[in-house]
Amino acid sequence: MPIKIYNSLTRKKEDFVPVREGAVTMYVCGPTVYSLSHIGHARSAVSFDVIYKYLRYKGYKVTYARNYTDVDDKIIKRANEEGVPSQELAGRYIKEFDDDMDALGVEVPTYRPKATETIKEIIEVTSKLIDKGCAYAVDGDVYYSVRKKKDYGKLSGKNIDDLEAGARVEVDERKEDPLDFALWKASKPDEPSWESPWGKGRPGWHIECSAMCMRWLGETVDIHGGGKDLIFPHHENEIAQSESATGKVPYVKYWLHNGFVNIEKEKMSKSLGNILNIRDVIKDYTSEAIRLFLLSSHYRSPIDYSKDSLREAEAAMERFYKTLQRVNTEWPETKNIDFCVHCNEGRFTEMLDAMDDDFNTAEVIGNIFKEVNKANRLMDSAKASGKHEGLLEFSYILSMFHEASEFLGIFGRTPEGYFTEKNSRASVPAEEIERLIAERNEARKNKNFKRADEIRKGLLEQGIVLEDGAKGTTWSVKG
RNA sequence: GGCGGCGUACCCAAGUGGUAAGGGAGCAGUCUGCAAAACUGCCAUUCAGCGGUUCGAAUCCGCUCGCCGCCUCCA
């Protein structure tokens with residue numbers, strides 16, 4: 001069964017057939033690096049990380065490029081405020097972005113091009129557009145002429161006349177049409193600039209993505225992704241430029257757009273002051289809980305960030321790893337399971353069908369938790385009967401977790417690894433907790449339950465939960 | 001004004017023609033010194049509302065109501 005992908009261009013789910021059989025080229029718009037990245041960047045990055053991983057999982061050779069916009073008005077403004085060169089500022093935030101991605105378990109794409117390293121190509125494409133009569137230079141600026149592209153607006157479903165009727169665009173007398181957009185901007189004295197046939201200047205925003213795509217992936221790419229807000233004007237303009245320059249249609253076969261992250265039901269925006277940085281979220285929740293939260297809704301739907309929803313995601317992750325921990329201790333013979341021995345048995349069909357259907361990660365997660373329940377049930381009944389029967393079933397379940405982790409990027413760690421990350425947030429030193437546990441168990445042995453409960457309650461007030469199990473007392477940070 | 005999307009239980013959420021996955025919360029039970037965790041049971045005769053198509057609709061069509069996004073930098 002082919003993968004089905006919702007294509008923003010046709011507004012339909014389509015069978016995924018890449019240009020070259022067995023290989024996929026994929027480009028995703030990355031961040032403009034002038035500040036720390038927020039949870040919205042995380043959603044886009046994680047969504048496409050999963051798509052990248054899944055396509056590879058399905059056997060495609062995927063070439064994935066995600067850019068950094070490292071020259072832009074906002075970067076220049078911020079750099080001038082701080083009194084540092086704009087490239088230094090951009091470099092700093094590229095590093096911060098990479099650190100955030102690493103913390104979220106987002107894989108490094110095949111290529112991570114920067115706009116400033118693609119100037120030569122940008123100038124070439126711009127020149128070609130002028131030569132073809134699709135663009136014109138005025139006072140060192142170069143504009144793309146939207147009227148020259150008959151199907152301009154095909155991605156966003158807009159037409160030029162409607163856009164002009166609702167004009168909120170500032171009228172620039174030098175432009176032939178108010179909707180014409182800059183391919184190249186003449187630079188002011190305090191701005192970074194490059195030599196060009198039109199004088200010193202710097203690239204416009206949209207052209208860099210076209211140039212980077214062509215350089216790293218070719219003139220037609222299979223998948224191009226980004227946030228929903230990029231549909232217009234950014235992606236619309238990319239299509240216009242690229243198709244005009246190369247004459248090849250389509251520029252992109254499948255356009256994918258992820259939904260927004262709202263904060264407590266409100267749009268995240270600078271003016272509302274509710275921008276939530278990845279850096280801050282990572283401090284309070286485990287990286288897998290954050291990924292689980294992002295992947296438990298479909299990538300195209302809007303999601304609402306709230307403390308409750310993250311707490312729930314963390315509780316679910318805990319349930320998962322607690323079960324895995326239990327399997328490891330109660331069924332040590334499962335350690336020798338050869339993952340993927342069941343791959344061709346049709347066992348994972350449900351899960352893979354869900355992924356094939358426009359990457360329905362939410363359904364996969366539902367399937368995973370059904371298996372978690374099954375594992376616990378098996379262990380309970382083994383405990384009751386005293387017999388370890390059903391090893392084959394465990395091998396199925398654990399293989400399924402392993403397979404899912406290959407493309408979801410969660411459910412793949414050791415329980416110890418997970419709980420170490422989680423418990424590093426403890427407000428009480430581990431040695432102190434261990435000491436209190438020992439004291440409490442001594443009290444319990446002496447039937448001094450008052451003291452035992454006192455210790456447990458005291459720790460709970462500091463966010464530490466104690467659990468008495470068959471193998472002794474364990475502790476964890478309250479979710 | 002133009003374009004697009006959404007409305008499923010207390011909350012989150014999957015399901016897009018065959019009779020409502022999953023998670024969280026809650027209640028009851030098993031287990032436990034008591035808890036916690038785990039397990040079991042309960043928790044939407046119904047999918048915003050009203051009509052229509054169909055043997056059959058949360059799913060398709062029409063209308064109404066409500067919410068949201070884009071059209072300006074934005075993931």
Side-chain angles (χ1 to χ4, degrees), chain A residues 8 11 13 28-32 34 37-48 72-74 153 156-159 161-170 179 205 225-234 236 257-262 265-270 275 292-293 296-298 300-304 306 308-309 311-320 322-323 325-326 350 354 357 360-373 375-381 383-384 444 447-450 452-453 456-457 460 465-470 473-476 478-479:
Chain A
S8 303
R11 296 175 191 81
K13 273 187 202 169
V28 173
C29 289
T32 299
Y34 70 104
S37 303
H38 54 66
I39 191 75
H41 294 108
R43 185 175 195 197
S44 176
V46 168
S47 298
F48 289 106
D72 145 282
D73 290 347
K74 295 186 291 295
S156 54
K158 299 177 188 308
N159 69 61
D161 297 321
D162 284 346
L163 282 166
E164 288 183 356
R168 282 156 93 182
V169 248
E170 263 178 64
L179 291 169
W205 175 35
K228 267 196 160 74
D229 54 331
L230 296 180
I231 294 173
F232 189 88
H234 185 53
E236 194 69 73
H257 292 97
N258 66 273
F260 272 22
V261 181
N262 294 126
K265 311 248 190 255
E266 276 188 322
K267 186 186 166 170
M268 181 164 59
S269 73
K270 293 251 153 59
I275 303 286
L292 180 73
F293 161 70
S296 46
S297 312
H298 187 92
R300 282 187 283 117
S301 307
I303 49 173
D304 193 50
S306 68
D308 277 348
S309 47
R311 206 176 297 132
E312 280 181 19
E314 193 153 291
M317 272 334 298
E318 186 143 345
R319 176 172 158 79
F320 177 83
K322 251 182 188 151
T323 301
Q325 194 165 46
R326 208 184 144 194
E350 201 182 345
D357 185 10
N360 192 339
T361 53
E363 197 181 332
V364 174
I365 290 164
N367 290 336
I368 293 290
F369 280 98
K370 262 192 249 181
E371 299 302 317
V372 167
N373 175 264
N376 278 308
R377 264 187 351 239
L378 279 167
M379 287 187 285
D380 280 1
S381 67
K383 213 178 198 172
R444 288 172 71 207
K447 301 257 190 273
N448 183 358
F449 298 120
K450 187 166 166 277
D453 290 349
R456 187 169 62 196
K457 197 166 166 241
L460 185 63
V465 184
L466 296 190
E467 288 178 27
D468 301 322
T473 303
T474 57
W475 65 274
S476 63
K478 196 176 157 198

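Per chain, numbering begins at 1; letters A, B, ... match sequence-line order. All values below come from the heavy atoms of this structure, side chains included, with hydrogens, waters and symmetry mates left out.
In this structure, Ser156(A) reaches the sugar-phosphate backbone alone: every heavy-atom distance under 4.0 Å involves primed, P, OP1 or OP2 atoms, never a base. Residue Gly227(A) is in sugar-phosphate contact alone, with no base atom involved, counting any heavy-atom pair closer than 4.0 Å across all strands shown. Nucleic acid contact for Ala316(A): sugar-phosphate only, since backbone atoms but no base atoms lie under 4.0 Å from a heavy atom of the residue. Nucleic acid contact for Val261(A): base, since at least one base atom lies under 4.0 Å from a heavy atom of the residue. Using a 4.0 Å heavy-atom cutoff across all strands shown, Gly153(A) reaches no nucleic acid atom at all. Note on Lys265(A): only backbone sugar-phosphate atoms sit closer than 4.0 angstrom, heavy atoms only; bases stay farther off. The residue Lys74(A) sits close only to the backbone: its heavy atoms come under 4.0 Å of sugar-phosphate atoms, none of a base. In this structure, Met268(A) reaches the bases: a heavy-atom distance under 4.0 Å links it to at least one base atom across the strands shown. Contacts of His298(A) with the nucleic acid, taken as non-hydrogen atoms under 4.0 Å apart, involve only primed sugar atoms and P, OP1 or OP2.
Nucleotide C74(B) holds its C1' atom 9 Å from the CD1 atom of Ile275(A), rounded to whole Å. Going from atom CD of Glu236(A) over to atom P of G4(B) covers 13 Å, rounded to whole Å. Taking atom CG of Leu179(A) as the reference point, atom P of G2(B) lies 18 Å away to the nearest angstrom. Remark: C1' of G22(B) and CE of Met317(A) are 14 Å apart, rounded to the nearest angstrom. In this structure, the CD atom of Glu312(A) is 12 Å from the P atom of G23(B), given to the nearest Å. What separates CG of Asn159(A) from C1' of C70(B) is a distance of 15 Å, to the nearest Å. Rounded to whole Å, atom P of A14(B) lies 16 Å from atom CD of Glu350(A). To the nearest angstrom, P of G7(B) lies 15 Å from CG of Asn262(A).
In secondary-structure terms, RNA chain B builds stems of at least 3 consecutive Watson-Crick or G-U pairs, each pair having both distances under 3.5 Å, at B:1-7 with B:65-71, B:10-12 with B:22-24, B:26-30 with B:38-42, B:48-52 with B:60-64.
Contact check, Asn367(A) against A21(B): no side-chain N or O comes under 4.0 Å of OP1 or OP2.
Put simply, OG1 on Thr32(A) and NZ on Lys74(A) are 5.0 Å apart, with the number rounded to the nearest 0.5 Å.
Two residues are said to be in side-chain contact when any heavy atoms from C-beta on lie closer than 4.5 Å; Asp468(A) and Arg456(A) meet this criterion.
No donor-acceptor distance shorter than 3.5 angstrom exists from the side chain of Lys228(A) to the backbone of Phe260(A), with no hydrogens or angles considered.
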Might you list the N or O atoms of the protein lying below 3.5 Å from N or O atoms in nucleotides 33-39 of chain B, with each pair's distance?
| unit_1 | atom_1 | unit_2 | atom_2 | d |
| --- | --- | --- | --- | --- |
| G33(B) | O6 | Arg440(A) | NH2 | 3.4 |
| G33(B) | O6 | Arg444(A) | NE | 3.3 |
| G33(B) | N1 | Asp453(A) | OD1 | 3.0 |
| G33(B) | N2 | Asp453(A) | OD1 | 3.3 |
| G33(B) | N2 | Asp453(A) | OD2 | 2.7 |
| C34(B) | O2 | Arg456(A) | NH2 | 2.3 |
| C34(B) | N3 | Arg456(A) | NH1 | 2.9 |
| C34(B) | N3 | Arg456(A) | NH2 | 3.3 |
| C34(B) | N4 | Asp468(A) | OD2 | 3.1 |
| A35(B) | N6 | Asp468(A) | O | 2.9 |
| A35(B) | N1 | Asp468(A) | N | 2.9 |
| A35(B) | N3 | Arg456(A) | NH1 | 3.0 |
| A36(B) | O2' | Glu467(A) | OE2 | 3.4 |
| A38(B) | OP1 | Arg319(A) | NH1 | 3.4 |
| A38(B) | O3' | Asn376(A) | ND2 | 3.3 |
| A38(B) | O2' | Arg326(A) | NH1 | 3.3 |
| A38(B) | O2' | Asp380(A) | OD2 | 3.3 |
| C39(B) | OP1 | Arg319(A) | NH2 | 3.4 |
| C39(B) | OP1 | Asn373(A) | ND2 | 3.1 |
| C39(B) | OP2 | Arg319(A) | NH1 | 3.2 |
| C39(B) | O4' | Asp380(A) | OD2 | 2.9 |

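Residue ring and base: Phe369(A) does not count as stacked with G23(B) (centre distance below 5.5 Å and interplanar angle below 30° not both satisfied).
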Step by step, would you call Val261(A) with His38(A) a side-chain contact (heavy atoms from CB on, under 4.5 Å)?
-> CA-CA 10 Å; Val261(A) 181; His38(A) 54 66; over 6 Å; no
